[in-house]
Number of protein chains: 2
Amino acid sequence: MAATIKDIAKYTGLSISTISKYLNGGNVLEANRKLIEEAIQTFDFKVNEMARGLRTNRTMTVGVLIPSLENIFFTSIVSNIESILLKEGYSTIVCDYKEDPQLEEKKLQFLFDKMVDGIVLMPLPDNDNLVKTVIARKTPLVLIDRLIHNVDCDVVLVDNLNASYNAVEQLIIRGHRRIGIIAGPQNIYTAQERLKGYIRVFEDYGLKIDPALIKHGDYQIESGHKLLLELMENEKPPTAVYVTNYEMTIGSIIAINENNIRIPDDLSFIGFDNQDLARIVKPALSIVVQPVQQIGETAAQVLLKRMSKDQRGFPLVTRLKTELLIRDSLKKVES
Amino acid sequence: MAATIKDIAKYTGLSISTISKYLNGGNVLEANRKLIEEAIQTFDFKVNEMARGLRTNRTMTVGVLIPSLENIFFTSIVSNIESILLKEGYSTIVCDYKEDPQLEEKKLQFLFDKMVDGIVLMPLPDNDNLVKTVIARKTPLVLIDRLIHNVDCDVVLVDNLNASYNAVEQLIIRGHRRIGIIAGPQNIYTAQERLKGYIRVFEDYGLKIDPALIKHGDYQIESGHKLLLELMENEKPPTAVYVTNYEMTIGSIIAINENNIRIPDDLSFIGFDNQDLARIVKPALSIVVQPVQQIGETAAQVLLKRMSKDQRGFPLVTRLKTELLIRDSLKKVES
DNA sequence: TTCGGTTCGCGAAACGTTTCGTTTTTTGTT
DNA sequence: AACAAAAAACGAAACGTTTCGCGAACCGAA
């Protein structure tokens, strides 16, 4: 059905190997080049990637494995990775493991069985061994968003610690001392970092932290809602709150509005991740914006580099900066 | 490096073709079967899908093409499709086309170049020709969520019309007559259907529709926010509002809370898609819930059927029912 | 025991490429 | 015009499977 190299050879009167050479960027007589291109046009010839892969042991396929496909932050990154890789002719197999370590392993195995040329992984914590076995298999691997300790591996991170530091610092500068934080699950790397930033800035300013103002949620809308209310029910409620992911920011906003908490008069507020929210909510929210596009692009580029056998600079740790959008949700208080 | 059929043959003393037969479910002597399985174990043998594909013209890969990877409704469906297909050994290449018709065509072409065995597509409107060309190529295709007219094709839909009908009917039953709707873009199939349901139930009850209460948004948070406020600024504001997707529901909720509109006293409210929201918002929201899991599973199953050359019942139109969760956001009024 | 019918196993060709060593053509120099 | 060197084209083998037609082995019935 579909045209093969043979058809092109026949049409042009050249040999199969010459066509192959052309296809792979080799030199060919000008006249022949034109002829070949003409043939490719008329037959609408496409290289059969499977035949090629059989010879070369490359599939032109990369696997992307993320914790969940139901989280916009993750899928936006995937979207960007995919765009870049597609330009280079790679297809992207996207899998999620629904935050389940067993599934993470299974899906990773699946990707190996499919002989992907490279893998982008957003790993679970406590699964160092898994990552180690991947590395042992020599398949290029780029981690994103979450760091695994004691393992040499290319990784693209966000500087979550300083993201928090800067956000909370802005609150401190404005005189706030009782600052609540709605942090993420304790075993997740990004959540740990975001909390560390909060703690460090307090230390740097020589201020004391009230443990009652630190709340751990599960990164879902519902816990944002619940924890914000818990914070406000404190006998000495915070004058400012910093929420550390998108879903919990939505939850918090809903709680705030429901309870007629006035921003920024009753409470100064800094949220996370989504510019839309910042625009909509009145008064405009201040938020920490992650460089989603850059994360995806960087991960894709590092992976491409490794897949082309370029090992320079290994392991490459890219730490991207967040942006702090200051809007109208912050107020000065006397401290 | 990796073990091949040859290694298994050597180990067992059988011929390559016998091993192949076993691998493809053929009959083999009990003793040999055990021997082969033992060999496969010890070598950790995996069929080379590329070699197999070269012979059989199958890639064991399906393409899923959706408008955007940044929409939870879409990606949840993808997640479910992927789970089912993976069980059957298929990998899923997920692409999005960022709501851009040009890109839709390009990515579809890309999937063809990758010789996927099947495609799940959530198409743009006004692109009937694209779908027709896909069908002409004989690659199994399942459409989801959006119908294309004048084209015979398997499709998995949600009964959006009756979803709206039932939702709005509940409002009418409770005495509401001025019911606002925040509908989607006019050229999107699901949006049209959801609006039709609204219109039909008014007709069936012999009520008149006030065009000022019909607002068209773009399915984004921001337009939900804006349009809800527009509705309420009407000189005769609605007593109830029905919002037709997730993002706009969030936007509306934020607007409602910001403006201290009391639900259900000032306004009865029915939203769309997300159970989380229903739980969080006080009072609990009534919402239309789409059967996301079923959509994905059904699409995957129909596609599997077609990929195994089973053409029974073509074209299969599956129309799934939504669920209407009635909670505390509805109030009776005298009409 | 023999024979027909099944079941199982085998060998070889084929799928569409790439690659490598060799041959042919082109180019440049004298 | 002749020759060497460089460039281009060629032919064949190989990648790891499936498939198909045959032959071998086995079974039960007569």
Side-chain angles (χ1 to χ4, degrees), chain A residues 1-40 43-61 89 91 112-117 307-309, chain B residues 1-37 39-40 43-61 89-91 112-117 307-309:
Chain A
M1 193 72 250
T4 77
I5 256 192
K6 253 186 211 162
D7 300 311
I8 308 295
K10 216 168 283 172
Y11 180 94
T12 58
L14 295 165
S15 78
I16 286 185
S17 35
T18 304
I19 312 298
S20 172
K21 191 202 233 178
Y22 165 85
L23 290 174
N24 293 284
N27 276 333
V28 156
L29 242 38
E30 181 60 14
N32 289 336
R33 187 184 61 72
K34 282 177 65 178
L35 205 54
I36 294 176
E37 280 165 4
E38 177 189 320
I40 289 180
F43 285 105
D44 188 30
F45 166 82
K46 298 277 164 46
V47 174
N48 181 324
E49 293 288 353
M50 269 182 309
R52 173 180 275 176
L54 180 57
R55 265 309 302 241
T56 59
N57 266 315
R58 305 177 67 201
T59 54
M60 293 305 281
T61 292
S91 28
F112 279 124
D113 293 352
K114 289 286 171 179
M115 302 196 295
V116 292
D117 295 338
M307 289 193 301
S308 68
K309 306 274 177 246
Chain B
M1 192 74 252
T4 75
I5 254 192
K6 253 186 210 160
D7 300 311
I8 308 295
K10 215 169 283 171
Y11 181 94
T12 57
L14 295 166
S15 79
I16 287 185
S17 32
T18 304
I19 313 298
S20 172
K21 191 200 232 178
Y22 166 83
L23 290 173
N24 293 284
N27 274 335
V28 156
L29 279 192
E30 182 60 13
N32 290 336
R33 188 184 61 73
K34 281 177 68 177
L35 204 54
I36 294 176
E37 278 164 5
I40 289 180
F43 285 106
D44 188 30
F45 166 81
K46 297 278 164 48
V47 173
N48 183 322
E49 292 288 353
M50 270 182 305
R52 174 180 273 177
L54 181 56
R55 261 312 300 241
T56 60
N57 266 316
R58 306 177 65 200
T59 54
M60 291 306 280
T61 292
Y90 284 91
S91 28
F112 278 124
D113 292 351
K114 289 286 171 180
M115 302 196 295
V116 293
D117 295 338
M307 289 193 301
S308 67
K309 306 273 177 251

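Protein chains get the first letters and strands the later ones, always in sequence-line order, with residue 1 at the start of each.
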Can you tell which of [options] lies closest to the side chain of [X]?
{"X": "B/Phe45", "options": "D/dT19, C/dC10, D/dT17", "result": "D/dT17"}
{"X": "B/Lys21", "options": "D/dG16, C/dG9, D/dA8", "result": "C/dG9"}
{"X": "B/Asn24", "options": "D/dT18, D/dG16, C/dT18", "result": "D/dT18"}
{"X": "A/Leu14", "options": "D/dC10, C/dG16, D/dA8", "result": "D/dC10"}

Check your understanding: Do B/Thr18 and B/Ser15 pass the side-chain hydrogen bond (donor to acceptor under 3.5 Å, both in side chains) test, and can you show the C-alpha distance, the side-chain angles, and the key distance before you say yes or no?
Key -> CA-CA 5 Å; B/Thr18 304; B/Ser15 79; 3.1 Å; yes
Nucleotide [N], atom [atom2] - distance to [atom1] of [X] in whole Å:
{"X": "B/Ile16", "N": "D/dC20", "atom1": "CD1", "atom2": "P", "value": "17 Å"}
{"X": "A/Phe43", "N": "C/dG16", "atom1": "CZ", "atom2": "P", "value": "14 Å"}
{"X": "A/Tyr22", "N": "C/dT17", "atom1": "OH", "atom2": "C1'", "value": "17 Å"}
{"X": "B/Leu23", "N": "D/dT17", "atom1": "CG", "atom2": "C1'", "value": "9 Å"}
{"X": "A/Glu30", "N": "D/dA9", "atom1": "CD", "atom2": "P", "value": "11 Å"}
{"X": "B/Ile36", "N": "C/dC8", "atom1": "CD1", "atom2": "P", "value": "12 Å"}
{"X": "B/Ile5", "N": "C/dA14", "atom1": "CD1", "atom2": "C1'", "value": "15 Å"}
{"X": "A/Lys6", "N": "C/dT17", "atom1": "NZ", "atom2": "C1'", "value": "11 Å"}

Any [X] side-chain heavy atom under 4.5 Å of [Y] side chain:
{"X": "B/Glu49", "Y": "B/Thr61", "result": "no"}
{"X": "A/Asn32", "Y": "A/Leu14", "result": "yes"}
{"X": "A/Ile16", "Y": "A/Lys6", "result": "yes"}
{"X": "A/Lys114", "Y": "B/Tyr90", "result": "no"}

Point to revise | First of B/Leu29 and B/Asn57 reached from the 5' end of DNA chain C, by closest nucleotide | key: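 It is B/Leu29, whose closest nucleotide lies nearer the 5' terminus.
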Practice item. Take B/Thr18 and B/Ala51, find for each the nucleotide of DNA chain C with the closest heavy atom, and name the residue whose nucleotide sits nearer the 5' end. Key: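 Going by which nucleotide is closer to the 5' end, it is B/Thr18.
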Exercise for review: Test for a donor-acceptor pair under 3.5 Å between the base of D/dT17 and the side chain of B/Arg55, counting only N and O atoms.
Suggested key: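 There is none.
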Closer than 4.0 Å, any side-chain N/O of [X] to the OP1 or OP2 of [N]?
{"X": "B/Ser15", "N": "C/dG11", "value": "no"}
{"X": "A/Ser20", "N": "C/dT17", "value": "no"}
{"X": "B/Ser17", "N": "C/dG9", "value": "no"}
{"X": "A/Arg52", "N": "C/dT18", "value": "yes"}
{"X": "B/Asn27", "N": "C/dC8", "value": "yes"}
{"X": "A/Asn48", "N": "C/dT17", "value": "no"}

Point to revise | Lys/Arg N to Asp/Glu carboxylate O, B/Glu37 vs B/Arg33, below 4.0 Å | key: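 Salt bridge flag = yes for B/Arg33 with B/Glu37.
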